[in-house]
Engineer: 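So that we are looking at the same thing, I have put the structure below in structure tokens.
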Amino acid sequence: MTYFSRQWTCEILDESTKSMASSYYQEMQEHFKNNNKSREFPAHSAKVHSVAWSCDGRRLASGSFDKTASVFVLEKDRLVKENNYKGHGDSVDQLCWHPTSPDLFVTASGDKTIRIWDVRTTKCMATVSTKGENINICWSPDGQTIAVGNKDDVVTFIDAKTHRARGEEQFKFEVNEISWNNDNDMFFLTNGNGCINILSYPDLKLIQSINAHPSNCICIKFDPTGKYFATGSADALVSLWDVQELVCVRCFSRLDWPVRTLSFSHDGKMLASASEDHFIDIAEVETGEKLWEIQCESPTFTVAWHPKRPLLAYACDDKEGKYDSNREAGTVKLFGLPNDS
């Protein structure tokens with residue numbers, strides 16, 4: 001399907017879907033009217049590249065340019081810093097948690113390693129060397145494999161138990177973000193040509209290459225229900241795709257800058273997207289309507305909805321002083337807190 005044809009692809013909403021979407025919209029509008037406070041928490045000494053929640057929602061991890069990861073515990077409406085994880089020799093560009101174990105997370109760094117951490121200790125469980133500077137990482141839904149992509153467009157698949165590489169794949173295009181589908185039988189890559197490449201898993205045979213965007217396709221996320229996935233592009237568009245049909249059902253076009261980061265809410269009904277625009281867009285998935293807008297003072301690098309509550313963690317390119325300081329703030333922010341908290 002070409003980009004031009006997909007602009008006219010749309011899903012016809014039946015009356016019951018419209019009615020449900022409408023009541024959800026009103027419910028969440030009301031919720032955010034009373035719960036639209038953001039609070040920031042000191043996390044790092046330099047900019048934060050990545051935030052992610054543990055599967056049980058009890059902890060939030062952040063990775064930073066300062067070469068460390070931090071872990072916070074969510075206590076009521078506050079993030080309380082638990083530990084700082086040191087060991088990497090370069091920037092921690094992305095991290096993710098084990099899909100079902102709330103104690104394990106993994107970090108990808110420019111130092112040509114990934115590190116697996118257990119929050120029950122402060123020590124690194126395993127360090128796995130890779131062939132290049134790592135920029136993206138994901139954990140398979142079955143918890144058995146970690147995939148890591150580097151700046152040379154090589155994706156390495158690592159056994160999560162033995163910590164050894166099972167194999168690697170060199171791609172002939174710029175690989176941006178990588179992800180398994182929820183069923184663990186397909187592997188998706190977004191690339192610099194605006195395409196989504198879909199491979200069978202585990203044999204990594206090309207199933208389909210979709211011309212999704214007219215320019216660099218940057219990020220990809222699957223919704224928790226398994227119905228949709230979304231991609232964000234340098235064309236400032238977010239596309240929503242039907243997982244079964246592999247067709248684009250909707251576009252979100254409220255951002256003006258390349259879309260850097262995406263996250264679906266725990267119920268799959270909201271989609272947060274962010275860029276260098278000084279706001280985060282929160283859309284209702286089924287209609288594409290804007291549900292809310294979080295104002296920011298600088299570009300946003302990373303967003304992550306809590307796995308059980310309408311709380312959004314995010315990190316921006318903030319400076320310590322608003323007027324003349326060059327120091328990066330390194331803070332993590334949490335949106336969705338009660339206005340009177």
Side-chain angles (χ1 to χ4, degrees), residues 38-130 134-139 143 146 148 158 160-161 163 261 263 266 300-309 311-318 320 327-337 341:
S38 281
R39 186 176 279 153
E40 59 181 54
F41 303 90
H44 296 276
S45 61
K47 69 176 73 169
V48 177
H49 287 309
S50 182
V51 293
W53 293 97
S54 58
C55 60
D56 62 358
R58 189 155 175 258
R59 288 181 171 87
L60 180 81
S62 57
S64 167
F65 186 73
D66 72 2
K67 307 176 186 176
T68 73
S70 287
V71 170
F72 295 83
V73 175
L74 180 64
E75 292 183 2
K76 293 185 179 173
D77 294 324
R78 300 189 75 82
L79 289 171
V80 178
K81 195 165 185 181
E82 185 177 57
N83 269 315
N84 189 243
Y85 294 82
K86 297 177 180 176
H88 279 299
D90 204 341
S91 170
V92 176
D93 279 347
Q94 204 171 39
L95 52 78
C96 63
W97 290 83
H98 189 288
T100 53
S101 168
D103 299 318
L104 303 178
F105 72 99
V106 62
T107 48
S109 171
D111 67 3
K112 301 185 179 181
T113 69
I114 69 162
R115 285 175 176 252
I116 302 171
W117 311 86
D118 187 327
V119 296
R120 292 165 294 192
T121 73
T122 53
K123 291 178 183 167
C124 176
M125 266 182 65
T127 303
V128 184
S129 295
T130 59
N134 300 310
I135 52 173
N136 47 48
I137 195 161
C138 59
W139 211 312
I146 296 164
V148 57
I158 295 157
K161 283 204 176 82
H163 310 139
T261 177
S263 181
H266 67 95
T300 302
F301 289 121
T302 176
V303 296
W305 282 109
H306 188 275
K308 294 177 181 177
R309 295 169 57 189
L311 289 173
L312 186 77
Y314 62 103
C316 304
D317 188 13
D318 289 336
E320 284 277 13
R327 268 196 70 202
E328 292 162 349
T331 55
V332 166
K333 297 180 171 67
L334 193 59
F335 163 81
L337 302 173
S341 67

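Quantities reported herein were computed from a predicted structural model and do not represent experimental measurements. Note that these values count all heavy atoms, side chains included, but never hydrogens, waters or copies made by symmetry.
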Engineer: With a 3.5 Å distance limit and no angle check, can you tell me whether His98 reaches the backbone of Thr100 through a side-chain donor-acceptor pair?
Structural biologist: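 Yes, the answer is positive, given that a donor and an acceptor are paired below the 3.5 Å cut-off.
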Engineer: Would you check if the side chain of Ser70 reaches a backbone N or O of Ala43 as a donor-acceptor pair within less than 3.5 Å?
Structural biologist: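 Side chain of Ser70 to backbone of Ala43: a pair is present.
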Engineer: Donor-acceptor check, side chain of Asp66 to backbone of Ser45, threshold 3.5 angstrom: yes or no?
Structural biologist: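 It does hold such a pair.
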Engineer: Quick one, Arg59 and Pro102 - any side-chain contact, counting heavy atoms below 4.5 Å?
Structural biologist: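 Contact flag for Arg59/Pro102 side chains = no.
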Engineer: First locate atom NZ of Lys47, then atom OG of Ser91, and finally report the distance between them rounded to the nearest 0.5 Å.
Structural biologist: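 One finds 9.0 Å between NZ of Lys47 and OG of Ser91.
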Engineer: Answer yes or no: is there a side-chain heavy-atom contact under 4.5 Å between Asn84 and His44?
Structural biologist: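 They are in side-chain contact.
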Engineer: Do Tyr314 and Ser38 get their side chains close enough for a donor-acceptor pair, meaning under 3.5 Å?
Structural biologist: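 Note: Tyr314 and Ser38 side chains meet the donor-acceptor criterion.
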Engineer: Going from CD on Glu40 to CG on Leu334, what distance comes out if it is rounded to the nearest 0.5 angstrom?
Structural biologist: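 Result: 11.5 Å between the selected atoms.
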Engineer: Could you label the plane-to-plane angle of the Phe105 and Trp117 rings as parallel, tilted or perpendicular, counting under 30° as parallel and over 60° as perpendicular?
Structural biologist: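 Parallel: the ring planes of Phe105 and Trp117 meet at under 30°.
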Engineer: Any side-chain heavy-atom pair from Thr261 and Phe301 closer than 4.5 angstrom?
Structural biologist: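 Heavy-atom side-chain distance check fails, nothing below 4.5 Å.
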Engineer: Counting C-beta onward and ignoring hydrogens, is there a side-chain heavy-atom pair between Leu312 and Val303 closer than 4.5 Å?
Structural biologist: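 They are in side-chain contact.
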Engineer: If you take all heavy atoms of Ser62 and Val48, which pair is closest and at what distance?
Structural biologist: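 Looks like CB-CG1, 4.0 Å.
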Engineer: Within a radius of less than 6.0 Å around CZ of Phe65, do more than 12 heavy atoms belonging to other residues, nucleotides or ligands occur?
Structural biologist: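 No.
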Engineer: Quick check: does any side chain N or O of His306 sit under 3.5 Å from a backbone N or O of Leu311, one acting as donor and the other as acceptor?
Structural biologist: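 Judged by distance alone, no pair lies under 3.5 Å.
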Engineer: Tell me whether the count of non-hydrogen atoms from other residues, nucleotides or ligands lying under 6.0 Å of NZ in Lys112 goes above 12.
Structural biologist: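 No, NZ of Lys112 has 12 or fewer neighbouring heavy atoms, counting only those of other groups under 6.0 Å.
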Engineer: Considering only heavy atoms from C-beta outward, does the side chain of Leu79 approach that of Leu74 to under 4.5 Å?
Structural biologist: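 A side-chain contact exists here, since the closest heavy-atom pair is under 4.5 Å.
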Engineer: If you measure from NE2 on His163 to CD1 on Ile114, what distance do you get to the nearest 0.5 Å?
Structural biologist: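 Between His163 NE2 and Ile114 CD1, I get 8.5 Å after rounding to 0.5 Å.
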Engineer: Specify the closest pair of heavy atoms between Ala52 and Leu95, including all atoms of both residues, with the distance to one decimal.
Structural biologist: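 Reported closest heavy-atom pair: CB-CD1, 3.7 Å.
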Engineer: Say you draw a straight line from NE2 of His266 to NZ of Lys308; how long is it, rounded to the nearest 0.5 Å?
Structural biologist: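 Rounded to the nearest 0.5 Å, the NE2-NZ separation comes out at 10.5 Å.
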Engineer: Stepwise, does the salt bridge (Lys or Arg N to Asp or Glu O under 4.0 Å) test hold for Asp118 with Arg120?
Structural biologist: CA-CA 5 Å; Asp118 187 327; Arg120 292 165 294 192; 2.7 Å; yes
Engineer: Quick one: are Ile146 and Ile116 in side-chain contact, heavy atoms under 4.5 Å?
Structural biologist: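 Side chain of Ile146 against side chain of Ile116, heavy atoms only: contact under 4.5 Å found.
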Engineer: Please answer whether the main-chain N or O of Ala315 pairs with a side-chain N or O of Thr302 as donor and acceptor at a distance below 3.5 Å.
Structural biologist: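 Absent.
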Engineer: Locate the shortest heavy-atom distance separating Phe41 from Asp77; write the atom from each residue and the value.
Structural biologist: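 Distance-wise, the nearest heavy atoms are CZ-O, 4.5 Å.
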Engineer: Has Arg39 got a side-chain atom pairing as donor or acceptor with Leu337's backbone, closer than 3.5 angstrom?
Structural biologist: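 Side chain of Arg39 to backbone of Leu337, a donor-acceptor pair under 3.5 Å: no, none is there.
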Engineer: About how many Å separate CH2 of Trp139 and SG of Cys55, when rounded to the nearest 0.5 Å?
Structural biologist: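 Result: 10.5 Å between the selected atoms.
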Engineer: Would you say Asn134 and Ser109 are linked by a side-chain donor-acceptor pair, where the criterion is simply a distance under 3.5 Å?
Structural biologist: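 Their side chains do not contain a donor-acceptor pair, so the 3.5 Å distance test is not met.
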Engineer: Any idea which heavy atoms bring Leu60 and Trp97 closest together, and the distance?
Structural biologist: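 The answer is C-CZ2, 4.3 Å.
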Engineer: Is there a side-chain contact between His49 and Val92, using heavy atoms and a 4.5 Å cut-off?
Structural biologist: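 No, side chains not in contact.
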Engineer: Once you round to the nearest 0.5 Å, how far does CG of Asp103 lie from CG of Asp56?
Structural biologist: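 These two atoms lie 8.0 Å from each other.
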Engineer: Is any side-chain heavy atom of Arg58 less than 4.5 Å from a side-chain heavy atom of Val73?
Structural biologist: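 The answer is yes; the side chains approach within 4.5 Å.
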